[in-house]
Q: 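Quick one: the structure is below, questions incoming.
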Amino acid sequence: MSEENRHLEEGMSETMVVTVSEKQTARYLGSGKSDILATPALVALMEAVSQRIVERGVPADCESIGTAIELQHDAMTPIGSEVEVCAVLRRIEGKELSFEISASDASGSIAKGHHKRVVTRTAILKRLLRKKK
């Protein structure tokens, strides 16, 4: 475990419930023609719920960056439906965090997968970003 994530523990979890809006649909995001929850929107929600766990356990001068996501999106969810998005911190390896992610609606499971994030000091990230310009 690194200094940056010393307050994180395997098994920490977070859940959020969202109502699918037009701006989260495949039609709106351009990833399809239907008014259903788009996979890119679901990915963003899954990253956000994972980030909530990170925010509970890292110092204020640190942040995390998503580095990988593997997702199986198995079922459609229409506009106006509630979706429950969950993340569980499964493994901490140095600065790398591995999450189990899932989502469900009133009909049951709609997606599951894995997500990785890396914890870094904000000052280091900003310095690296300046080099990219």
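Along the sequence shown, residues carry numbers from 1. Since this is a predicted model, take the numbers as computed values, not measurements.
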Q: Please tabulate, one pair per line, all N/O donor-acceptor pairs under 3.5 Å involving side-chain atoms of residues 79-89, not counting sequence neighbours.
A:
| unit_1 | atom_1 | unit_2 | atom_2 | d |
| --- | --- | --- | --- | --- |
| S81 | OG | P78 | O | 3.3 |

Q: Using salt bridge (Lys or Arg N to Asp or Glu O under 4.0 Å) as the criterion, list what pairs up with D105, not counting sequence neighbours.
A: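 Result, salt bridge (Lys or Arg N to Asp or Glu O under 4.0 Å) vs D105: none returned.
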Q: Any salt bridge (charged side-chain N to carboxylate O under 4.0 Å, His left out) involving residues 58-75? Give me the pairs, sequence neighbours left out, ordered by first then second residue.
A: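 The answer is D61-R121.
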Q: Would a distance-only check, ignoring hydrogens and angles, find a side-chain to backbone donor-acceptor pair under 3.5 Å from H115 to A68?
A: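 At least one qualifying donor-acceptor pair exists.
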Q: Working to the nearest 0.5 Å, report the span between NZ of K112 and OG of S102.
A: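 Those atoms lie 10.0 Å apart.
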Q: Could you walk me through whether H114 and S98 pass the side chain to side chain contact (heavy atoms under 4.5 Å, CB included) check?
A: CA-CA 7 Å; H114 298 92; S98 297; over 6 Å; no
Q: To the closest 0.5 Å, what do you measure between OG1 (T120) and NZ (K126)?
A: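 Between atom OG1 of T120 and atom NZ of K126 there are 12.0 Å.
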Q: Nearest 0.5 Å please: distance from the OG atom of S50 over to the NZ atom of K116.
A: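 With rounding to 0.5 Å, OG (S50) is 13.0 Å from NZ (K116).
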Q: Please check if V118 and L125 belong to a single hydrophobic cluster, counting links between Ile, Leu, Val, Met, Phe, Trp and Tyr side chain heavy atoms closer than 4.5 Å.
A: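 In one cluster with V118: L125, no.
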Q: Of all residues at least two apart in sequence or in a different chain, which pass the side-chain contact (heavy atoms from CB on, under 4.5 Å) check with R52?
A: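 Partners of R52 under the side-chain contact (heavy atoms from CB on, under 4.5 Å) test: E14, M16.
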Q: Roughly how far, to the nearest 0.5 Å, is the CD atom of E22 from the CZ atom of R27?
A: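 Answer for the CZ-CD pair, R27 versus E22, is 9.0 Å.
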Q: Can you measure from CD1 (I92) to CD (E10) and round to the nearest 0.5 angstrom?
A: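 Output value for this atom pair is 5.0 Å.
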Q: Atom CG of L128 and atom NZ of K132: how far apart are they, to the nearest 0.5 Å?
A: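 That separation rounds to 9.5 Å.
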Q: Run the side-chain donor-acceptor check on residues 36-48: report pairs under 3.5 Å with partners two or more places apart or on a different chain.
A:
| unit_1 | atom_1 | unit_2 | atom_2 | d |
| --- | --- | --- | --- | --- |
| T39 | OG1 | H73 | ND1 | 2.7 |
| E47 | OE1 | R117 | NH1 | 3.2 |

Q: How would you list, by chain and number, every residue that makes a side-chain contact (heavy atoms from CB on, under 4.5 Å) with K33, sequence neighbours excluded?
A: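 Scan of K33 (side-chain contact (heavy atoms from CB on, under 4.5 Å), adjacent residues dropped) gives none.
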Q: When hydrophobic residues are tied together by side-chain contacts of less than 4.5 Å, even through go-betweens, does L129 share a cluster with I65?
A: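 Result: yes, single cluster for both.
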Q: Is it possible for you to say whether L71 and L29 belong to one hydrophobic cluster, with membership spreading through side-chain heavy-atom contacts below 4.5 Å?
A: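 They do not share one cluster, since no chain of ILVMFWY contacts under 4.5 Å joins L71 to L29.
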Q: Using side-chain heavy atoms (C-beta onward) and a distance below 4.5 Å, is I101 in contact with I69?
A: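 The answer is yes, as the side chains (C-beta and beyond) meet within the 4.5 Å cut-off.
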